[in-house]
Amino acid sequence: QVDLVESGGGLVQVRGSLRLSCVASGRTFSTYAMGWFRQAPGQEREFVGAIRKDGGLTNYAHFVQGRFTVSRDNAKSTVYLQMNSLTPEDTAVYYCGAGFKLSSRTDDYRYWGQGTQVTVSS
């Protein structure tokens, strides 16, 4: 069992930046690939980015276009999502997930956090 807690969301203006954090409980964090997803009202949860368990490989959704960066600190059991050049289309609840492989599919993630709201105002 892994408990995940996201933080760092909030209200930001267009072209602003935010850094989300996701802290995992337990001592097995380094055995999991970690992913970030988001869900806007009335829409399905969609993939944002993910990082391999050793931090050596990342994967991003096409809409990220170099604006977001996923990183992790296994010593702190934490994964980060640095978001720059935010637009109103980035407004959503952002979730982190823990899974056994680097993937863009929600089904490949076994554990999820409760989410943190990101709102980008124009």
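As the structure is a prediction and not an experimental result, all values here were calculated from the model. Counting from 1, the numbers follow the sequence of the chain as shown.
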Exercise for the section: I would like to know whether V2 and T28 meet side chain to side chain contact (heavy atoms under 4.5 Å, CB included); could you show each step before the answer? Expected result: CA-CA 8 Å; V2 176; T28 60; 4.0 Å; yes

Exercise for the section: For the residue pair N74 and S30, confirm or rule out a side-chain donor-acceptor distance under 3.5 Å. Expected result: no

Fill in the blank from the handout: Cluster membership besides V93, Ile/Leu/Val/Met/Phe/Trp/Tyr side chains within less than 4.5 angstrom, sorted by chain and number, is F37, F47, Y95, Y109, W112

Problem - Close side-chain approach of V79 to F29, heavy-atom, < 4.5 Å - result: yes

Handout entry: Hphob cluster co-occupancy, V5 + V48, side-chain heavy atoms under 4.5 angstrom
Key = no

Completion exercise
CZ of R72 to CD1 of I51, rounded to nearest 0.5 Å, is 6.0 Å

Handout entry: Heavy-atom closest pair, residues V70 and A50
Key = CG2-N, 4.1 Å

Practice task
Ignoring hydrogens and angles, state whether a donor on the side chain of T78 or D73 is under 3.5 Å from an acceptor on the partner side chain.
Solution key: no

Completion exercise
To the nearest 0.5 Å, atom CH2 of W36 lies from atom CE of M83 at 8.0 Å

Problem - Q65 side, atom CD; S85 side, atom OG - distance, nearest 0.5 Å - result: 10.5 Å

Exercise for the section: Report whether L102 and Y32 are members of the same hydrophobic cluster (ILVMFWY, side-chain heavy atoms less than 4.5 Å apart, transitive linking). Expected result: no

Fill in the blank from the handout: Here the gap from T106 atom OG1 to E44 atom CD, rounded to the nearest 0.5 Å, amounts to 8.5 Å

Exercise for the section: Spell out, yes or no, whether Y94 and V12 are grouped together once hydrophobic residues are joined by side-chain heavy atoms under 4.5 Å, including indirect joins. Expected result: yes

With a 3.5 Å cut-off and sequence neighbours excluded, list the donor-acceptor pairs that the side chains of residues 115-122 form with protein atoms.
from, atom 1, to, atom 2, distance (Å)
T116, OG1, G9, N, 3.2
Q117, NE2, A92, O, 3.4
Q117, NE2, T119, OG1, 3.3

Completion exercise
d(C96 SG, M34 CE) to nearest 0.5 Å is 4.5 Å

Exercise for the section: Indicate yes or no for a side-chain donor-acceptor contact from E6 to the backbone of S21 under 3.5 Å, with no hydrogens or angles considered. Expected result: no

Problem - salt bridge (charged side-chain N to carboxylate O under 4.0 Å, His left out) involving R67 - partner list, sequence neighbours excluded - result: D90

Exercise for the section: State whether a side-chain donor-acceptor pair under 3.5 Å links Y80 with R19. Expected result: no

Exercise for the section: Kindly compute the distance separating CZ (R38) from CG (L81), expressed to the nearest 0.5 Å. Expected result: 9.5 Å

Exercise for the section: Kindly say whether the aromatic ring centers of Y60 and F68 come within a distance under 6.0 Å. Expected result: no

